[in-house]
**Student:** 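So that we are looking at the same thing, I have put the structure below in structure tokens.
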Amino acid sequence: MAVESNVIDAAGPYDRAKALSAFKLGDLTFYWITRLSAISVLLILGGIIISLIVGAFPAMKEYGISFLWTQRWAPSADPPVLGALGPMYGTLVTSFIAMLIAIPVGLGIAIFLTELCPQWLRRPIGMAVELLAGIPSIIYGMWGFFVLGPFLANTFQPFMIKIFDGVPVLGAIFAGPPSYLSLFNAALILAIMVLPFITSISVDVFKTVPPVLKEAAYGVGCTTWEVVRSVVIPYTRVGIIGGVMLALGRALGETMAVTFIIGNSFRISSSIFAPGTTISAAIASEFAESDGLHQSGLILLGLLLFVLTFFVLAAARLMLLRLEKKAGK
Amino acid sequence: MNPIYVRRRRKDIIVRGLCIGAAAFGVTWLALILMTLLYNGLAGLNLEIFVADTPPPGSTEGGLRNAIVGSIIMTVIGVGIGAPLGLFAGTYLAEYGRNDRLTSVIRFINDILLSAPSIIIGLFIYGAVVVPMRGFSAIAGALALAVIVIPVVLRTTEDMLLLVPNALREAASALGLPRSLVIKRIAYRAARSGLITGVLLATARVAGETAPLLFTALSNQFFSLGLNKTMANLPVTINNFVQSPYAYWKQLAWSGALLITITVLALNIGARILGAERTAK
């Protein structure tokens, strides 16, 4: 291995003191460069919070706490009437449905990859699922708009509407008419997008289960499903919940894919086949043309979203940390 | 046969079937999306895409040159600013502050920024750069991308440096190497492929980002290199073209989408191969 010549030169007998002080200076500089870079992470978080609060302040002053439960969104009225209820409803409903689909499927894939899959198939399938996470969200949006939307509106939606027609509650949730742009379409795309997060974290935490525990269960005659249900899942519960929360954090803030297919309607409808909007979709579609109070209201929406995702992600990290500590013991 | 045993077996087979179905479900989406992209995008993919600028509405000639160049410029600047910062910050966490309180706080915050909605980053840069500069600019877009790059690179750098055996560092220190050189000459070298993986993953992450560019770099219809003005870029161009009524614009959008996806997936696969090589050793 090549030892850098300046190290040898510097260590020569004549300028030992000079070399040592050069080392000291280099050490100190490098230490502070890295330390300041690390601190910049905190500055970014501080910057995000401050700039959002400053931007949202006029809207906060104007609308106060009732911003949270006003449904009307009329930015061109004079003065503009803005309320966050529609976008908040859309954000929560789409994320909820997305998790309803993604959790069982994501866990299923993780179980398949760790317990059932033949070794040679493990890498390709694992890679394919991880690549789903790599596809840019605008591509999901285009695909949802041109392929998935029409498909769902022509097949799945009429089917569900017909089945639940006249059933109380469910009939209102699955009410017509079928639409290319709807909360449900957005939720399905979100589910596909967060699938890799649930799967990859579940696979990671499944691997922390000591093999001897599983072997003991197989040894007393458990089937694969019984091993998974009674050994693997209880052992990794905290980690799975952490992964799910992480995926939820992603789903809440996902922007481009949702903007394409949710229809941008601020009205709240009981049907999940009706168009709606989410916080991020509202910002993405209106921000560039907004000004004054309207813009401030959009930033206030962004602040709400940031607070929401911050708590979800913080909870996710705390849970995963707890599991890491347990595994480290 | 014992009926309990039969029931357990049946249940097991059903669940196994569902798990296989779930895996098929996941892989099917990837295949469907890629096929749609290839089908719609390949038709318009020709040399003109790379040499002609985006056409005016209704025109049936033109390409995506300005958008491609703009995307490359902003990605390079974004990664150029974000990667060193993330690298140094990760170095601090893994090398200097291993048992520091500051480290655990920064790691926690970084993990949150890693998954923070990218549209929020866009709002942040809008308030912090676009408003003071009184206008949308390419540099604002690049900064937004940099803010997304930092957490990704920080995370992988820390993980990779923590994998370097301490014996290597101790040996170097025993020879009298000062701490900064131990890190730069020994730890970085031992973790090199892992560090490159991190930068590649970060590049892949920002190459397709649209939301943070929507109101920072905006986009435009002509070829420009000025960093203090709006700059055309692929994601926002796709976003604008795909929802337009003009068939040729739509065709361009699909071709651009294919280009972005191929680039991003190639970066992802490259990073994974590099990372796998390391663990296999």
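Side chains are part of it too, since the values below use all heavy atoms of this structure and drop only hydrogens, waters and symmetry mates. In this text the structure is predicted, and so the values were computed from the model without any measurement.
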**Student:** Against chain A, label B:Ala211 side chain, backbone, both or neither, depending on which of its atoms sit under 4.5 Å from a heavy atom there.
**Tutor:**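 Both backbone and side chain.
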**Student:** Is it the backbone or the side chain of B:Ile119 that comes under 4.5 Å from a heavy atom of chain A, or both, or neither?
**Tutor:**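 Its backbone and side chain both get close to chain A.
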**Student:** Using non-hydrogen atoms only, which part of A:Leu148 is less than 4.5 Å away from chain B: side chain, backbone, both, or neither?
**Tutor:** side chain
**Student:** Measure distances from B:Leu32 to the heavy atoms of chain A and classify the residue's part below 4.5 Å as side chain, backbone, both or neither.
**Tutor:**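 Answer is both: backbone and side chain atoms of B:Leu32 are under 4.5 Å from chain A.
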**Student:** B:Ser244 and B:Trp249: side-chain hydrogen bond (donor to acceptor under 3.5 Å, both in side chains), yes or no, with the steps?
**Tutor:** CA-CA 7 Å; B:Ser244 73; B:Trp249 273 16; over 6 Å; no
**Student:** Under a 4.5 Å heavy-atom cut-off, does chain B meet the side chain of A:Leu132, its backbone, both or neither?
**Tutor:** both
**Student:** Checking side-chain contact (heavy atoms from CB on, under 4.5 Å) between B:Trp29 and each of A:Ile189, A:Ile192, A:Ile135, which is the one that passes?
**Tutor:**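 The single option meeting the side-chain contact (heavy atoms from CB on, under 4.5 Å) with B:Trp29 is A:Ile192.
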**Student:** Count the heavy-atom pairs under 4.5 Å between each of A:Leu195, A:Leu42, A:Leu36 and chain B, then report the option with the highest count.
**Tutor:** A:Leu42
**Student:** If we define contacts as heavy-atom pairs under 4.5 Å, which of B:Ala207, B:Gly208, B:Ser180 has the most with chain A?
**Tutor:**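 So the answer, after comparing B:Ala207, B:Gly208, B:Ser180, is B:Ser180.
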**Student:** What part of A:Leu116 gets within 4.5 angstrom of chain B, counting heavy atoms only: side chain, backbone, both, or neither?
**Tutor:** side chain
**Student:** Examine whether an atom of A:Leu131 lies under 4.5 Å from a heavy atom of chain B, and if so say whether it belongs to the side chain, the backbone or both; otherwise answer neither.
**Tutor:**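 When you check distances to chain B, atoms from both the backbone and side chain of A:Leu131 fall under 4.5 Å.
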**Student:** With a 4.5 angstrom heavy-atom cut-off, could you sort out which part of A:Val147 is near chain B: side chain, backbone, both or neither?
**Tutor:**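 Just the side chain, heavy atoms under 4.5 Å.
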**Student:** Tell me, for A:Ile283 versus chain B, whether the close heavy atoms (under 4.5 Å) come from the side chain, the backbone, both or neither.
**Tutor:**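 It is both, since atoms from each part get that close.
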**Student:** Taking every non-hydrogen pair under 4.5 Å, which of B:Val105, B:Ile260, B:Leu265, B:Leu85 racks up the most with chain A?
**Tutor:**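 If we count pairs closer than 4.5 Å to chain A, B:Leu85 comes out on top.
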**Student:** Is any side-chain heavy atom of A:Phe146 closer than 4.5 Å to a side-chain heavy atom of B:Lys250?
**Tutor:** yes
**Student:** Would you mind checking which part of A:Phe260 comes under 4.5 Å of any heavy atom in chain B, side chain (CB onward), backbone (N, CA, C, O), both or neither?
**Tutor:** side chain
**Student:** Using side-chain heavy atoms (C-beta onward) and a distance below 4.5 Å, is A:Glu286 in contact with A:Asn264?
**Tutor:** no
**Student:** Among the options A:Phe287, A:Phe112, A:Phe197, A:Phe306, pick out the one with the most heavy-atom pairs lying under 4.5 Å from chain B.
**Tutor:** A:Phe287
**Student:** With a 4.5 angstrom heavy-atom cut-off, could you sort out which part of B:Leu102 is near chain A: side chain, backbone, both or neither?
**Tutor:**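 Only the side chain of B:Leu102 comes within 4.5 Å of chain A.
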**Student:** Could you look at B:Val242 and say if it's the side chain, the backbone, both or neither that has a heavy atom under 4.5 Å from chain A?
**Tutor:** both
**Student:** Between A:Ser40 and chain B, which part of the residue has a heavy atom less than 4.5 Å away: side chain, backbone, both or neither?
**Tutor:**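 The side chain, not the backbone.
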**Student:** Measuring heavy-atom distances to chain A, does B:Phe215 have an atom under 4.5 Å in its side chain, in its backbone, in both, or in neither?
**Tutor:**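 For B:Phe215, the contact with chain A is made by the side chain alone.
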**Student:** Checking heavy atoms, do the side chain of B:Ile121, its backbone, both or neither come under 4.5 Å from chain A?
**Tutor:**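 For B:Ile121, the contact with chain A is made by the side chain alone.
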**Student:** If we define contacts as heavy-atom pairs under 4.5 Å, which of A:Thr223, A:Leu107, A:Ile299, A:Ile44 has the most with chain B?
**Tutor:**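 Highest number of pairs under 4.5 Å: A:Thr223.
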**Student:** Could you list the donor-acceptor pairs under 3.5 angstrom formed by side chains in residues 9-22 of chain B, with sequence neighbours left out?
**Tutor:**
{"unit_1": "B:Asp12", "atom_1": "OD1", "unit_2": "A:Thr224", "atom_2": "N", "d": "3.3"}
{"unit_1": "B:Asp12", "atom_1": "OD1", "unit_2": "A:Trp225", "atom_2": "N", "d": "2.8"}
{"unit_1": "B:Asp12", "atom_1": "OD2", "unit_2": "B:Arg16", "atom_2": "NE", "d": "3.0"}
{"unit_1": "B:Arg16", "atom_1": "NH2", "unit_2": "A:Thr224", "atom_2": "OG1", "d": "2.7"}

**Student:** Kindly indicate, with the supporting measurements, whether the criterion side-chain hydrogen bond (donor to acceptor under 3.5 Å, both in side chains) is fulfilled by B:Ser71 and B:Asn233.
**Tutor:** CA-CA 5 Å; B:Ser71 265; B:Asn233 57 84; 4.9 Å; no
**Student:** Chain A heavy atoms under 4.5 Å from B:Gln243: which part of the residue, side chain, backbone, both or neither?
**Tutor:**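 Answer is side chain: those atoms of B:Gln243 sit under 4.5 Å from chain A.
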**Student:** Name the member of A:Thr309, A:Ile138, A:Leu320 that forms the most heavy-atom pairs with chain B at distances under 4.5 Å.
**Tutor:**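 Maximum pair count with chain B is reached by A:Ile138.
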**Student:** Is A:Ser51 close to chain B through its backbone or its side chain, or both, or neither, when contacts mean heavy atoms under 4.5 Å?
**Tutor:** side chain
**Student:** In terms of heavy-atom proximity below 4.5 Å to chain A, should B:Ile150 be classed as side chain, backbone, both, or neither?
**Tutor:**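 Side chain only.
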**Student:** Using heavy-atom distances under 4.5 Å, tell me whether A:Leu246 contacts chain B through its side chain, its backbone, both, or neither.
**Tutor:**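 Only the side chain of A:Leu246 comes within 4.5 Å of chain B.
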**Student:** Need one label for A:Glu289: side chain, backbone, both or neither, based on atoms under 4.5 Å from any heavy atom in chain B.
**Tutor:** neither
**Student:** Please rank A:Pro136, A:Ser37, A:Gly108 by heavy-atom pairs under 4.5 Å with chain B and give me the top one.
**Tutor:**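 Maximum pair count with chain B is reached by A:Ser37.
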**Student:** As an exercise: rank A:Leu45, A:Ile125, A:Val129 by heavy-atom pairs under 4.5 Å with chain B and give me the winner.
**Tutor:**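 Winner by heavy-atom pair count: A:Leu45.
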**Student:** Check each atom of A:Tyr31 against the heavy atoms of chain B and say whether the ones under 4.5 Å are side chain, backbone, both or neither.
**Tutor:**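 Both parts, backbone and side chain.
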